[in-house]
Amino acid sequence: GRSLREWNLGALRRNIAYVGQESYLFDSTVMENIRCGRPGAADDEVIAAAKAAYADEFIRELAHGYETMLGERGITLSGGQRQRIAIARAILRDAPILLLDEPTAALDTRSEFYVQQALKNLSANKTVLVIAHRISTIEHADMILVLDNGAIVEQGTHQELVARSGRYVALYSSQIREELANEA
């Protein structure tokens with residue numbers, strides 16, 4: 001009920017967790033990269049966040065587990081693994097507002113599945129804003145806003161938008177055709 005201009009910028013930032021299309025990881029250990037979400041978190045809290053992000057299994061398979069050095073920008077991990085580390089960081093942060101910017105855009109189907117499951121764990125009891133082109137990333141949202149040239153042209157749930165046969169259905173249909181073409 002108040003303008004964002006009235007908010008304390010530091011307080012606003014403390015209440016937001018962000019996961020982007022390109023998750024930045026530091027040249028440090030897996031443990032420390034996740035701990036960036038909440039400095040001072042205990043190791044067991046970091047591990048619990050990794051489990052909720054479906055990252056624990058692959059982390060334990062790394063040469064030194066949670067103490068594995070990731071290299072600059074997490075170069076030693078796949079895109080899906082980097083995303084799950086970033087999601088674990090956001091889970092550990094436990095902010096009431098989540099901003100997800102194309103969190104599955106560059107992932108293969110298997111990685112997208114794990115990231116989707118992790119996002120479900122991350123978004124429980126939170127206000128989540130998702131920016132996405134992939135319909136599969138947003139189809140379970142409470143409210144979808146369809147933008148075209150910067151303007152909202154449709155809004156509703158996935159089922160409501162499909163029933164309207166508008167711009168959303170055109171996007172949805174083109175993605176299905178593209179997926180079918182890629183499978184052939």
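Sequence positions, counted from 1, serve as the residue numbers for this chain.
A donor-acceptor contact closer than 3.5 angstrom links the side chains of Y24 and E72. Y66 and D56 share a donor-acceptor pair across their side chains, judged by distance under 3.5 Å alone.
E154 places no side-chain N or O within 3.5 Å of a backbone atom of L161 that could act as its donor or acceptor partner. Proximity of a side-chain donor or acceptor of R89 to a complementary backbone N or O of C36 within less than 3.5 Å is not detected. Without hydrogens or angle criteria, Q83 side chain to G20 main chain gives a donor-acceptor distance under 3.5 Å.
There is a path of hydrophobic side-chain contacts, each under 4.5 Å, that joins L171 to V153. Under a hydrophobic-cluster definition in which Ile, Leu, Val, Met, Phe, Trp and Tyr are linked whenever side-chain heavy atoms come within less than 4.5 Å, directly or via other members, I47 and L77 are assigned to the same cluster. By the criterion of side-chain heavy atoms lying less than 4.5 angstrom apart, applied directly or through intervening Ile, Leu, Val, Met, Phe, Trp or Tyr residues, Y18 is grouped together with L9 in one hydrophobic cluster. Under a hydrophobic-cluster definition in which Ile, Leu, Val, Met, Phe, Trp and Tyr are linked whenever side-chain heavy atoms come within less than 4.5 Å, directly or via other members, M69 and I34 are assigned to different clusters.
If you take CD on Q159 and CD on E139, they are separated by 8.5 Å, rounding to the nearest 0.5 Å. Of the inter-residue distances, the one linking Q81 atom CD with I59 atom CD1 reads 9.0 Å to the nearest 0.5 angstrom. To the nearest 0.5 angstrom, I16 atom CD1 is 10.5 Å from T127 atom OG1. L99 contributes atom CG, which lies 6.0 Å from atom CG of L129 (distance to the nearest 0.5 angstrom). For the atom pair L70 CG and T29 OG1, the distance stands at 7.0 Å (nearest 0.5 Å). The CG atom of D27 lies 9.0 Å from the CG atom of N33; values are rounded to the nearest 0.5 Å.
Taking all atoms of both residues into account, the shortest heavy-atom contact from L92 to E45 is CD1-O, 3.7 Å. Considering all non-hydrogen atoms of both residues, I91 and A53 come closest at CD1-N, 3.9 Å. Across all their heavy atoms, V19 and A90 have their closest contact at CG2-CB, 3.8 Å. Nearest heavy-atom pair across A55 and R84 is CB-CB, 4.0 Å.
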Check against side-chain contact (heavy atoms from CB on, under 4.5 Å), I87 and Y54: CA-CA 9 Å; I87 291 167; Y54 290 84; over 6 Å; no

When you look at L62 and E67, which way does the side-chain contact (heavy atoms from CB on, under 4.5 Å) test go after all the steps? CA-CA 9 Å; L62 297 173; E67 295 307 314; over 6 Å; no

Could you walk me through whether V46 and R38 satisfy the side-chain contact (heavy atoms from CB on, under 4.5 Å) test, starting with their C-alpha distance in whole Å, then the side-chain angles of each, then the deciding distance to 0.1 Å, before giving a yes or no? CA-CA 9 Å; V46 172; R38 187 164 36 93; over 6 Å; no

Can you list the steps and then say if L147 with I152 is a side-chain contact (heavy atoms from CB on, under 4.5 Å)? CA-CA 5 Å; L147 300 174; I152 297 172; 3.5 Å; yes

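Counting heavy atoms from C-beta outward, I85 and F58 have side chains that approach closer than 4.5 Å. Two residues are said to be in side-chain contact when any heavy atoms from C-beta on lie closer than 4.5 Å; L145 and Q155 meet this criterion.
In this structure, the side chain to side chain contact (heavy atoms under 4.5 Å, CB included) partners of A95, at least two apart in sequence or on a different chain, are A17, R93. Residues passing the ring pair (Phe, Tyr, Trp, His ring centres under 6.0 Å) test with H140, sequence neighbours excluded: none.
Residue-environment remark: CZ (R164) exceeds the threshold of 12 foreign heavy atoms within 6.0 Å.
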